[in-house]
Protein chains: 2
Amino acid sequence: MKQKKQLLTEVELELMNILWKLEKGSVRNILEHKSMKRDLAYTSAATIMRILEQKKFTKSSKVGNTFYYHATLSKEDYQARHLNNISEKLFDNTPLSMVARLIDDGQLSKKDIKELKDTLNNIQK
Amino acid sequence: MKQKKQLLTEVELELMNILWKLEKGSVRNILEHKSMKRDLAYTSAATIMRILEQKKFTKSSKVGNTFYYHATLSKEDYQARHLNNISEKLFDNTPLSMVARLIDDGQLSKKDIKELKDTLNNIQK
DNA sequence: TGATGTCTACTAAATAATTAGTAGATAAGC
DNA sequence: GCTTATCTACTAATTATTTAGTAGACATCA
């Protein structure tokens, strides 16, 4: 009875992105991080961090009276989860078509494509 | 002053997916489509369709007293838009890493990878 | 024509997501 | 030890999303 693989909401993702950069950080650390673009009240950020812990995306440890959070899921794993989700919901479960879309839409540069070729050649001769 | 490229919400996407299959359809057509999994009341589906039109994802034409909707944005274009969005929000604007994630996570089968190689070889010698 | 059914328009209720305030606890500086 | 800062916990308000009801228009067909 495994639970469905949950996705992050917008704000949650924004804070997680910062936490992944920090590796470990308090609400304050996150709020003051240079890549924090949203103008959140301290208590709002604290609320989100509590929610993220409830949802098991983070764990915390207390030092003095402040909580330090760290992610329990790597960004890479979350990326994979998210891609898997949109592959289902938007690409009829054909992940290859996601790549096709990136190429057709010009989101992959020529350089990207060259690199990608190299990568592919190295994984299975 | 171009407006931000809006994404579909969950239900909206579900109905759009059906509309993209139908090419053109009424609320009834959509509700009764075999791939309609959500158990929505007729009026709920009608509300979503109205919202989608407000948001410019569809246009409608009236035949008798019923509206027939069609998408104003192709599924491919929406896919590209969505990928572009998550590339920004989750992949630090490096779409190539999205592909890397698909590969590393095993979401692309061996066959997919072979096909992808072929595709890449054909686009720029 | 009139009874019945289907459709839209409007409204509202329920739920989820986002934001932030208040109170009380703990810590830190003097 | 007091005063001031900062922190968590709890609560609440706001906004977005999802769902569906009610009313009236229109259509169909016996």
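No experiment lies behind these values; they were computed from the predicted model shown. Every chain is numbered from 1 and lettered A, B, ... according to where its sequence line falls, protein lines coming before strand lines.
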Task: Given DNA chain C, 5'-ward residue of the pair A:Thr47 and A:Gly64, judged by closest heavy atom - done: A:Thr47

TODO: Kindly compute the distance separating CG (B:Asn121) from CG (A:Asn121), expressed to the nearest 0.5 Å.
DONE: 7.5 Å

- [ ] Could you list who else is in B:Ile51's hydrophobic cluster, with ILVMFWY side chains joined at under 4.5 Å, directly or through other members?
- [x] none

Open item on the list: Which label fits B:His82 and B:Tyr78: parallel for a plane angle under 30°, tilted from 30 to 60°, or perpendicular past 60°?
Closed with: perpendicular

Task: Sugar-phosphate, base or nothing in reach of A:Glu10, heavy atoms under 4.0 Å - done: sugar-phosphate

Open item on the list: Is it the case that over 12 heavy atoms from other parts of the model lie below 6.0 angstrom from the NZ atom of B:Lys59?
Closed with: no

TODO: Return each pair, listed once, that meets side chain to side chain donor-acceptor pair (under 3.5 Å) where at least one residue sits in residues 95-105 of chain A; pairs must be two or more places apart or across chains.
DONE: A:Thr94-A:Ser97, A:Arg101-A:Asp104, A:Arg101-B:Gln79, A:Asp105-A:Gln107

Task: Opposite nucleotide pairing with C:dT26, Watson-Crick or G-U, both atom distances under 3.5 Å - done: none

Open item on the list: When you measure from the side-chain N and O atoms of B:Ser44 to the phosphate of D:dA20, is any distance below 4.0 Å, counting only OP1 and OP2?
Closed with: yes

Open item on the list: Partner lookup for D:dA5, please. Criteria are Watson-Crick or G-U wobble with both distances under 3.5 angstrom; report none if nothing qualifies.
Closed with: none

Restricting to nitrogen or oxygen on both sides, can you table the protein-nucleotides 2-8 of chain D pairs closer than 3.5 Å?
unit_1: D:dC7; atom_1: OP2; unit_2: A:Arg28; atom_2: NE; d: 2.9
unit_1: D:dC7; atom_1: OP2; unit_2: A:Arg28; atom_2: NH2; d: 2.5
unit_1: D:dC7; atom_1: O5'; unit_2: A:Tyr42; atom_2: OH; d: 3.2
unit_1: D:dC7; atom_1: O3'; unit_2: A:Asn65; atom_2: O; d: 3.2
unit_1: D:dT8; atom_1: OP1; unit_2: A:Phe67; atom_2: N; d: 2.7
unit_1: D:dT8; atom_1: OP2; unit_2: A:Tyr42; atom_2: OH; d: 3.0

- [ ] Look at all strands and tell whether B:Leu40 reaches a base, only sugar-phosphate, or nothing, counting heavy atoms closer than 4.0 Å.
- [x] sugar-phosphate

Open item on the list: Quick test of your reading: applying salt bridge (Lys or Arg N to Asp or Glu O under 4.0 Å), list the pairs with at least one residue in residues 60-80 of chain B, sequence neighbours left out, ordered by first then second residue.
Closed with: A:Asp92-B:Lys75

TODO: Find the distance B:Leu8:CG to D:dA16:P and express it as a whole number of Å.
DONE: 17 Å

Open item on the list: Expressed as a whole number of angstroms, how long is the span from B:Met16:CE to D:dT18:C1'?
Closed with: 18 Å

- [ ] Could you grab the distance from atom CG of B:Leu8 to atom CZ of B:Arg81, nearest 0.5 Å is fine?
- [x] 8.0 Å

TODO: Report yes if a side-chain nitrogen or oxygen of B:Arg38 is closer than 4.0 Å to either non-bridging phosphate oxygen (OP1 or OP2) of D:dT19; otherwise report no.
DONE: yes

Task: Base orientation of D:dA5, syn vs anti, 90° cut from 0 - done: syn

- [ ] Hey, could you give me the CD1/CG distance between B:Ile103 and A:Leu120, rounded to the nearest 0.5 Å?
- [x] 5.0 Å

Side chains of residues 24-35 of chain B: which donor-acceptor pairs under 3.5 Å do they make with residues two or more places apart or in other chains?
unit_1: B:Lys24; atom_1: NZ; unit_2: B:Ser61; atom_2: OG; d: 3.4
unit_1: B:Ser26; atom_1: OG; unit_2: B:Arg28; atom_2: N; d: 3.4
unit_1: B:Ser26; atom_1: OG; unit_2: B:Asn29; atom_2: N; d: 3.1
unit_1: B:Ser26; atom_1: OG; unit_2: B:Asn29; atom_2: OD1; d: 3.1
unit_1: B:Ser26; atom_1: OG; unit_2: B:Asn29; atom_2: ND2; d: 3.4
unit_1: B:Asn29; atom_1: OD1; unit_2: B:Ser26; atom_2: N; d: 2.9
unit_1: B:His33; atom_1: ND1; unit_2: B:Ser35; atom_2: N; d: 3.0
unit_1: B:His33; atom_1: ND1; unit_2: B:Ser35; atom_2: OG; d: 2.8
unit_1: B:Ser35; atom_1: OG; unit_2: B:Lys21; atom_2: NZ; d: 3.3

Task: Span of DNA chain C in contact with chain B (heavy atoms, under 4.0 Å) - done: C:dT6 to C:dC10

